[in-house]
Amino acid sequence: MGSLDRVDLADYDRFQRNEAWEQFDTLRREDPVHWNPEDAPNRGFWAVTKYHDIWAVDRDTQTFTSEQFVGLEEVDDDLMDIRRSILETDGQRHLAMRQLIAREFSPRNLMKNYESFLRELTKKTVDRALSAGEFDFVEKVSGDFPIQVLARLLDVPLEDTGRLIAWGNEMVGNTDPEYTQHQFDSPESEKYKHLPFRSPTTQDVFDYGRALRDRRRGGDGADLVSQLANKMPSDGVPMSDRDFDNYFLLLVIAGNETTRHAISQSMLALIEQPGQLRLLQEDPSLIASGLEELLRWASPVYHFRRTATRDTSLGGKDIKAGDKVVMWFASGNRDESVFENPYQLDVRRPNVDHLTFGKGSPHLCMGNALARMEVRLMFEELLPRIQDIQLNGEVTRVRSNFVNGIKKFPVTVKPR
Amino acid sequence: MTVDLTVREFEADLLVSAVETAAEGVVALTLTGDNLPDWTPGAHIDLILADGLVRQYSLCGRTGDTGRWRIAVLRAPESRGGSAQVHKLQTGDTVRVRGPRNHFPVVASRRYLFLAGGIGITPLLPMISEVSAAGADWELYYGGRSLTSMAFTGELRGDRVHLTEGRLDLSLLDDPRPDTLVYACGPEGMLAAIEERCACWPAGRLHLERFTARRRENEPDSEFELVLQHSGKTVRVPAGQSVFETVRQAGVSVLGSCLEGICGTCETEVIDGEVDHRDSVLDDEERASNEVMMICVSRCAGPRLTLAL
């Protein structure tokens with residue numbers, strides 16, 4: 001076949017050109033647990049591309065640890081503890097830190113505390129966007145909306161949202177020159193290797209978060225910062241300043257990029273497969289259940305990494321202790337052995353158990369119910385208001401093999 | 001490298017290093033091990049006994065002692081064999097334990113009123129030590145069949161302690177006391193009476209621990225009836241099959257992800273029926289509220305469960 005020779009999941013440019021999918025298809029078909037070499041100083045990684053293998057890795061935290069970090073970057077041993085957040089913590093400590101605010105994100109609490117606020121915000125966003133006939137969907141619809149929700153959860157002024165967006169772009173888009181001056185794959189990034197995402201901007205985020213925390217210490221605020229400032233983790237070990245910094249940074253980033261891309265990718269799919277858009281418009285009650293199919297489709301996070309703690313085997317390959325094992329969620333979401341006609345968006349597909357949020361893992365996206373609510377509300381408000389929506393120019397994508405992101409997405413809309 | 005599995009509890013065979021008679025029909029066991037997990041007053045552990053019997057006993061030693069745990073066990077004549085087995089344990093035996101877990105934690109307050117009936121004194125002992133050390137004001141009313149049947153009376157001295165042979169006089173609860181939390185543990189009849197008497201107290205003041213039988217790990221799950229209110233369907237959940245699987249088989253769409261009770265994706269609203277919570281997501285308060293459950297692992301403690309599906 002030889003098509004395996006043309007696979008390189010470490011090449012960001014192919015992702016920017018939207019060439020990830022054919023590589024995933026090749027890997028699932030020919031080599032589902034595949035050794036993907038990387039340029040030095042990285043050592044290469046196992047690319048896990050089938051649904052059930054990904055699930056197996058994600059649930060087995062004893063064999064596949066997060067403590068050696070979860071991106072492709074190989075972090076120096078002495079820098080790990082400095083940069084460690086709950087993403088890179090396993091076991092009891094992870095649970096204790098996660099539990100500090102996890103229940104704030106439960107479906108019921110979200111509905112009680114945020115649904116009506118979110119509904120209003122969504123309406124306003126849609127109103128403003130539809131006042132023009134032609135606009136960039138990312139700029140007017142998906143871009144600002146998630147961060148405004150986050151601003152509410154953190155209880156920070158709306159004027160700060162511009163800053164929060166830029167920070168998120170810069171961190172997660174650290175392989176895209178349009179988003180950052182401190183590109184991860186540039187020689188100078190070595191200077192910033194003690195900082196998350198190797199980005200000097202993280203210091204600004206830390207300073208901002210600390211100032212919020214210090215003001216809210218001893219208060220009785222219900223926002224996430226107040227809870228992190230005033231609650232004791234269940235393991236009885238207080239949060240250090242560094243724990244707080246990294247937690248806060250994670251909230252700023254996680255609540256920002258991924259939901260935006262999920263909304264953009266879903267809309268793009270509905271434009272490209274207009275029969276599905278019509279179904280949702282004719283019966284808006286399908287949006288709540290079709291949401292899972294949209295999330296499968298959107299796959300805003302391409303991958304997370306684990307590290308083998310012992311010699312083991314997966315998909316017939318011998319994996320050595322210390323090897324990087326990368327779960328390509330986006331590939332699992334197109335696994336034809338689980339999802340029939342995976343490239344057909346089908347909003348009536350029943351029981352879509354996608355991998356989008358990290359299925360089976362104690363690290364499952366803490367904000368999954370929030371993301372679901374945001375995407376659902378956006379389409380519930382938007383779709384009934386549009387008669388026709390067409391692509392009106394080129395879709396440009398983020399240069400990244402971590403987020404499956406859309407930067408620009410010009411559309412022409414005929415409102416109803 | 002060793003990595004903890006997030007949801008795994010401590011479980012080990014501990015040495016029975018001392019067996020003492022604490023009162024008529026009550027033995028106090030000292031269990032010894034290395035690096036025992038920390039616990040807080042009100043916590044209990046599971047003893048995993050022969051034939052798959054699992055019994056819960058409150059820890060009643062010193063918190064912070066990571067080498068020794070103490071429990072006290074009343075031999076219950078009508079028991080299904082758990083306490084009888086424990087009473088046969090001798091110094092030098094080992095016993096399998098799991099935990100600790102705390103469904104009866106102490107909330108900070110300036111004043112406490114402790115009410116113990118019989119062996120219900122056990123969780124209150126470490127609570128009293130803790131609040132006493134914290135400088136809080138407290139009183140204990142402790143009743144039992146007879147003074148000789150009441151354990152640990154020797155450790156409980158001073159004018160804050162009121163011992164009664166026979167039933168406690170609960171009229172002391174008739175006037176709510178300001179800034180006071182009530183912690184009570186004892187037989188069901190006593191707890192029900194306390195609840196009734198405390199109805200005039202502000203919400204959140206009364207904290208109870210019941211001796212209800214919890215799920216026994218190795219006994220088969222029981223079958224129950226499941227009503228899916230919004231879908232208008234009623235189905236049976238057989239032993240060995242989850243609520244989640246049953247709901248999907250009934251053609252009702254429901255979210256799930258880990259299917260092991262750790263991620264919270266399948267959280268479902270409960271309309272009626274007592275939930276047997278088996279997840280690691282909900283906190284004690286949420287469990288007690290009986291308002292939501294994780295349907296991938298949790299079941300029904302009674303014959304019928306109604307969900308908002």
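So you know, we letter chains A, B, ... as the sequences are listed, proteins then strands, and number each from 1. Hydrogens, waters and symmetry mates are skipped; everything else that's a heavy atom, side chains included, is used.
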Interatomic distance, B:L255 atom CG to A:N368 atom CG [nearest 0.5 angstrom]: 8.5 Å
Out of A:H363, A:R98, A:M366, A:R372, which one racks up the most heavy-atom pairs below 4.5 Å with chain B? A:R372
Residues two or more places apart in sequence or in another chain: which of them pass side chain to side chain donor-acceptor pair (under 3.5 Å) with A:H354? A:E292, A:T356
Within residues 78-86 of chain A, contacts to chain B at heavy-atom distances under 4.5 Å involve none
I'd like to check the side chain to side chain contact (heavy atoms under 4.5 Å, CB included) partners of B:S257; sequence neighbours left out, ordered by chain and number. A:K359, A:L364, B:C263, B:T265
State whether the number of non-hydrogen atoms from other residues, nucleotides or ligands found under 6.0 Å of A:R348 atom CZ is greater than 12. no
So which heavy atom on A:N351 is nearest to which on B:S253, and how close? OD1-OG, 3.2 Å
With sequence neighbours left out, what residues match A:R296 under side chain to side chain donor-acceptor pair (under 3.5 Å)? A:E293
For the residue pair A:R59 and B:I262, establish whether any side-chain heavy-atom pair is separated by less than 4.5 Å. no
A:R349 atom CZ, neighbour heavy-atom count above 12 within 6.0 Å: yes
Proximal component of B:V254, with respect to chain A [non-hydrogen, under 4.5 Å]: backbone
Test side-chain contact (heavy atoms from CB on, under 4.5 Å) on B:V281 and A:Q99 and set out the steps. CA-CA 8 Å; B:V281 178; A:Q99 281 169 342; over 6 Å; no
Has A:D76 got more than 12 heavy atoms of other residues, nucleotides or ligands less than 6.0 Å from its CG? yes
Segment of A:R108 engaging chain B (4.5 angstrom heavy-atom cut-off): both
Which one of B:E269, B:R248, B:E267 has the most heavy-atom pairs closer than 4.5 Å to chain A? B:R248
